[in-house]
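Reading through the structure tokens given below for one structure.
None of these values were measured; they are calculated from a predicted model.
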Protein chains: 2
Amino acid sequence: MPFKLVMEQISKRKNSRVILALDLQPDNPETLLKKAQKILGAVHMHICAVKFNRHLILPLGLYNDVQRLVDQAKKYDLPLIMDCKINDIGNTNRTIAEHYFKAGFDAVTANPLVGWQDGLQPVFEVAEKMQHGVILLVYMSHRGAWEGYGQKVFNENTGEIIPQHRIFAEKALEWKADGVVVGSTYPSKIQEVQLTLKNEVPIYSPGIGTQGGIIEAALKNGAKYLIVGRTITLSQDPSKTAEGIKLAAQTCLS
Amino acid sequence: MPFKLVMEQISKRKNSRVILALDLQPDNPETLLKKAQKILGAVHMHICAVKFNRHLILPLGLYNDVQRLVDQAKKYDLPLIMDCKINDIGNTNRTIAEHYFKAGFDAVTANPLVGWQDGLQPVFEVAEKMQHGVILLVYMSHRGAWEGYGQKVFNENTGEIIPQHRIFAEKALEWKADGVVVGSTYPSKIQEVQLTLKNEVPIYSPGIGTQGGIIEAALKNGAKYLIVGRTITLSQDPSKTAEGIKLAAQTCLS
């Protein structure tokens, strides 16, 4: 089943739009593993997917202890997203995607700045072959995002001046991406991107809580999934926090 | 010593501008490690640095077998560049950079699209603190590079229309990067970027050989270092090939 549908079904079944970002602050590998296992165990019933990043991959090793977390997530039937933000040449991109898919991840994130030919084409090909997903960065959640994602691009053929994020959103449609990332810290950008995507491609929105994003603003402007990291992982009671976000999202949309 | 100077000194001492990209094609981890050790052992006298990428990090593990290669490179006094193309939010970027530096790498590559605030600022800060280097992508070597790196950007303040790669090159100057990457497959872009950088920031040029880049064109247009992967790693005689490229570069510049 295409990743887009996998996400839709599990999100409906669990009545949750919350994706846990297991981006734990640096610590020794054993502590990191234990913390990750504990948080995953505590919140799995409240989330619809889990997202990994280099916080865990680099210290734990993709084919070493990360596998224990992958197995745990699979036990809970949670889709796994690797937020590797692929942005290399095609040969390398293919190798990266193949590794993450082989290691049990269901989707990868990638940066559309790379372009298609010898860039992200091999990633989409591998993903299609393995029935996995590709999620494109369209407008990131951090304060400096305006510099690149917010710049205006001049189209030499039409003479138009177009925001970078619209160009990236159009690539997501053209390349048939399974999702795009737009920071919840920029609700107006979510709205603009949603106008381009027209529900064809779901919006994944990070930055809720710690980075300043607001649940309601993200969802009402068109985000489909909320990616939440530190607000849950640094919480005194991760399960309660995750449940709270899940319920708040339900309320917003009811 | 700043990474820029480290590179300059070793390049002079060894009379080589060749950086080996140990980007080996996928294989089982033991074979990969053995191949990498063998190639590094065979070519170390002809190169001035070695560059790693996810081809080795993901299957071998940063703190596992990659450490054996790091030790081997250090034995030969070779600076180590991690081509991780950092492009995440600041908190994640810092974590990535810290891991690679802690694991023995002397420099990381990063994508300036991310911007400064909460983007690459933490990477430059960590690098400065640990006396390590940051190399920025300015124009990549693959065929689709024109899509992003070649796009024209409209400056709302001045009304100017500026190529993306010039904006990235200007950021390299402003942020005091230790180097920039411009593909040898686009010698005219090397020349344009060199006009902006005026020898303040050295140009690292990948894509020689397998991807179609020509040694002479890259160097004559302003590249300082040649990053060579498959042309050496897939050669029947990696040592001879690396020596050949080293000598060809010397001839070009004599």
Does anything in residues 118-137 of chain B get under 4.5 Å of chain A by heavy atoms, and if so which residues?
B:Asp118, B:Gly119, B:Leu137
Backbone N/O of A:Trp116 and side chain of B:Glu147: donor-acceptor pair under 3.5 Å:
yes
Chain B heavy atoms under 4.5 Å from A:Pro59: which part of the residue, side chain, backbone, both or neither?
both
Can B:Asn91 and A:Gln211 be counted as having a side-chain donor-acceptor contact under 3.5 angstrom?
no
Whatever's closer than 4.5 Å to a heavy atom in chain A on B:His55 counts as both
If we only count heavy atoms from C-beta on, is the B:Thr95 to A:Arg54 side-chain gap below 4.5 Å?
no
Please flag which part of A:Ile161 lies under 4.5 Å from any non-hydrogen atom of chain B: side chain, backbone, both or neither.
side chain
Distance (rounded to the nearest 0.5 Å) between A:Phe154 CZ and B:Asn155 CG:
14.0 Å
When B:Asp88, B:Asn93, B:Val114 are each screened for side chain to side chain contact (heavy atoms under 4.5 Å, CB included) with A:His142, the one that passes is B:Val114
Under a 4.5 Å heavy-atom cut-off, does chain A meet the side chain of B:Ile57, its backbone, both or neither?
side chain
Given that the side chain runs from C-beta out, which part of A:Arg94 has a heavy atom under 4.5 Å from chain B: side chain, backbone, both or neither?
neither
With side chains defined as the heavy atoms from C-beta onward, is the minimum distance between A:Lys152 and B:Val153 less than 4.5 Å?
no
Quick one: does any side-chain atom of A:Asn87 pair with a main-chain N or O of B:Lys85 as donor and acceptor, under 3.5 Å?
yes
For A:Asn53, which atoms come within 4.5 Å of any heavy atom of chain B: side chain, backbone, both, or neither?
side chain
Are any of the side-chain heavy atoms of B:Gln151 and A:Glu156 separated by less than 4.5 Å?
no
When you look at CD of A:Gln25, are more than 12 heavy atoms from neighbouring residues, nucleotides or ligands closer to it than 6.0 Å?
yes
Inter-chain contacts: residues 60-69 of chain B against chain A, heavy atoms under 4.5 Å
B:Leu62, B:Tyr63, B:Asn64
Is B:Lys171 close to chain A through its backbone or its side chain, or both, or neither, when contacts mean heavy atoms under 4.5 Å?
side chain
